[in-house]
Amino acid sequence: MPPKLASQVEKIMTANRREHDGCVYTVPSPGTYPYQWLWDSCFHAIILSHFDVDAAKAELRSLFTKQFSNGMIPHMIYWEPGEAVDIDWGKGGETSSLTQPPLCAYAVWRVYQVDKDISFLEDTYRSLFHFYQYLLNDRDPHRQHLIGIINPDESGEDNSPRFDQLLGLDDQHPFDKNFRRRLDLVEKNKACNFDAPFCMKDHFWVKDVPFNAIMVEGLDAMSRIADKLGRTRDARYFSDQRSSIISAMYDLMQGEDGLFYSTHGKHYQKINKETWAIFAPMFAGIVSDKEAEVLVEKYLTQESKFQTQYPVPTVPQDNSAFSADDMWRGPTWIGVNWFIYRGLQRYGYNSVAGDIKDGSQQLLQESGFCEYYNPFTGEGLGAKQFTWGGLVIDMQE
Ligand code: GLC
């Protein structure tokens, strides 16, 4: 990685660091996102693990401090309220009442690899245990082995076309309209008291592919962590849960074309929308080598699909919902590139992975650390001084 870029990563991670009530965390963007977010903090810990392992640990410890008594970890902690909350994602109070993709066990395990500090695993295990238990129980009440989300924002991909149909939206619609529909859903979340198994599932109940793929990888990490701590029964339990989710993904998500699609409702109706989510199972090692080959050759590197000047667009160009500059509806995000990069490496596609790493570095060098980028021109869009670009530090052979 070019030394100048590496030092820019360190600089932004230091500039965005905050301390509150003895907790140290990183804001994704000081202007637009001045709080702590769940999956962002996992990204941050992974980035920080490359040059400041103590800060990486502090970031995750801080995230766990606001865990709910039922085990849920909220997607936002408003450490210093009042700056920019234009929407209250919860019941009022100091956190949102939604969650986000469960990347934290993976992040804890990655941080542990740096200095093998067993006390870090011991200290965080309880929070992790309750969080994954919450997801396995409350978010899968009928034991179908797929974890449900109750709001698009829980996917981390707020306005992804995967959720259009459920929000009653056409393929092309203004950003504000999408936002208003998600606000209406938050009102329903509130009326349901954010109760996933009993109430919210009647309004929005999606089994999302990336969320479940990240869960699979999280359960693998849980199994390894439990094993390290001598908790053999837990280790076996988490490993069994992992296998069950993989089987359920094959049974309920795989379409006739071999791709994995998110589902909605009680009857697991497939949401036939192609987005970058089709690659998420590679991150968790779920698909076979043959399936991975199809994903890479027929989709990822296809000009009509995901091959653009600045890859990887979040939605393929030939999709009627594609829009080059509308957040999760086409632009390139470096967090997504990181998931895809790691999936490619896992299956031995080192050269394609290298192209994604180079493209990501180029975006940062040409347009700076932005939230997302136009996949044709590389123009930086959305929030500025955004941390996710730091993940290039974790894209190494
Ligand atoms: C946006 C992104 C979400 C992220 C948050 C903070 O809402 O869609 O994934 O967690 O910003 O960066």
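Under the side chain to side chain contact (heavy atoms under 4.5 Å, CB included) criterion, Ser243 pairs with no residue at all, not counting sequence neighbours. For Tyr134, there are no ring pair (Phe, Tyr, Trp, His ring centres under 6.0 Å) partners at least two apart in sequence or on another chain. Take Phe131 and apply the ring pair (Phe, Tyr, Trp, His ring centres under 6.0 Å) test, not counting sequence neighbours, and it matches no residue. Listed by chain and number, the residues in a side chain to side chain contact (heavy atoms under 4.5 Å, CB included) with Ala353 are Tyr341, Leu344, Gln345 (sequence neighbours excluded).
Donor-acceptor pairing under 3.5 Å is recorded for the side chains of Ser127 and Gln67.
One hydrophobic cluster, built from ILVMFWY side chains closer than 4.5 Å, holds both Ile246 and Tyr268. Residues Phe198 and Ile149 do not share a hydrophobic cluster, clusters being chains of Ile/Leu/Val/Met/Phe/Trp/Tyr side chains in contact below 4.5 Å.
Salt bridge present: Lys305 and Glu274 bring a charged side-chain N and a carboxylate O closer than 4.0 Å.
Looking at heavy atoms from C-beta onward, Cys370 lies in side-chain contact with Lys384 at the 4.5 angstrom threshold.
Here the two rings, on Phe283 and Phe339, have centers that are under 6.0 Å apart. Checked against a 6.0 Å centroid threshold, the rings of Trp276 and Trp328 do not count as neighbours. Taking the six-membered ring for Trp and the full ring otherwise, Tyr78 and Tyr35 have centroids separated by under 6.0 Å. Taking the six-membered ring where the residue is Trp, the centroids of Tyr372 and Trp388 are separated by 6.0 Å or more.
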Set out, in order, the CA-CA distance, both residues' side-chain angles and the distance that settles disulfide (SG to SG under 2.5 Å) for Cys199 and Cys192, then state yes or no. CA-CA 6 Å; Cys199 185; Cys192 281; 1.9 Å; yes

Could you walk me through whether Ser29 and Gln385 pass the side chain to side chain donor-acceptor pair (under 3.5 Å) check? CA-CA 5 Å; Ser29 159; Gln385 211 182 317; over 6 Å; no

Show, in sequence, the C-alpha distance, side-chain angles and deciding distance for His75 and Trp39, and conclude whether the side-chain contact (heavy atoms from CB on, under 4.5 Å) test is met. CA-CA 8 Å; His75 95 301; Trp39 78 335; over 6 Å; no

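Listed by chain and number, the hydrophobic cluster partners of Val315 are Phe322, Phe376, where partners are ILVMFWY side chains within reach of under 4.5 Å, directly or through others.
Heavy atoms from other residues, nucleotides or ligands lying under 6.0 Å from CD of Gln307 number more than 12. The number of heavy-atom neighbours closer than 6.0 Å to CZ of Arg126, taken from other residues, nucleotides and ligands shown, is 12 or below.
For the pairing with Thr95, the side-chain contact (heavy atoms from CB on, under 4.5 Å) check across Lys66, Met72, Met76 returns one residue only, Lys66. The salt bridge (Lys or Arg N to Asp or Glu O under 4.0 Å) test with Asp164 is passed by exactly one of Arg329, Lys273, Arg181: Arg329.
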Output side-chain donor-acceptor pairs under 3.5 Å for residues 224-233, partner residues at least two apart or in another chain, one line each.
unit_1 : atom_1 : unit_2 : atom_2 : d
Arg224 : NE     : Asp220 : OD2    : 3.1
Arg224 : NH2    : Asp220 : OD2    : 3.3

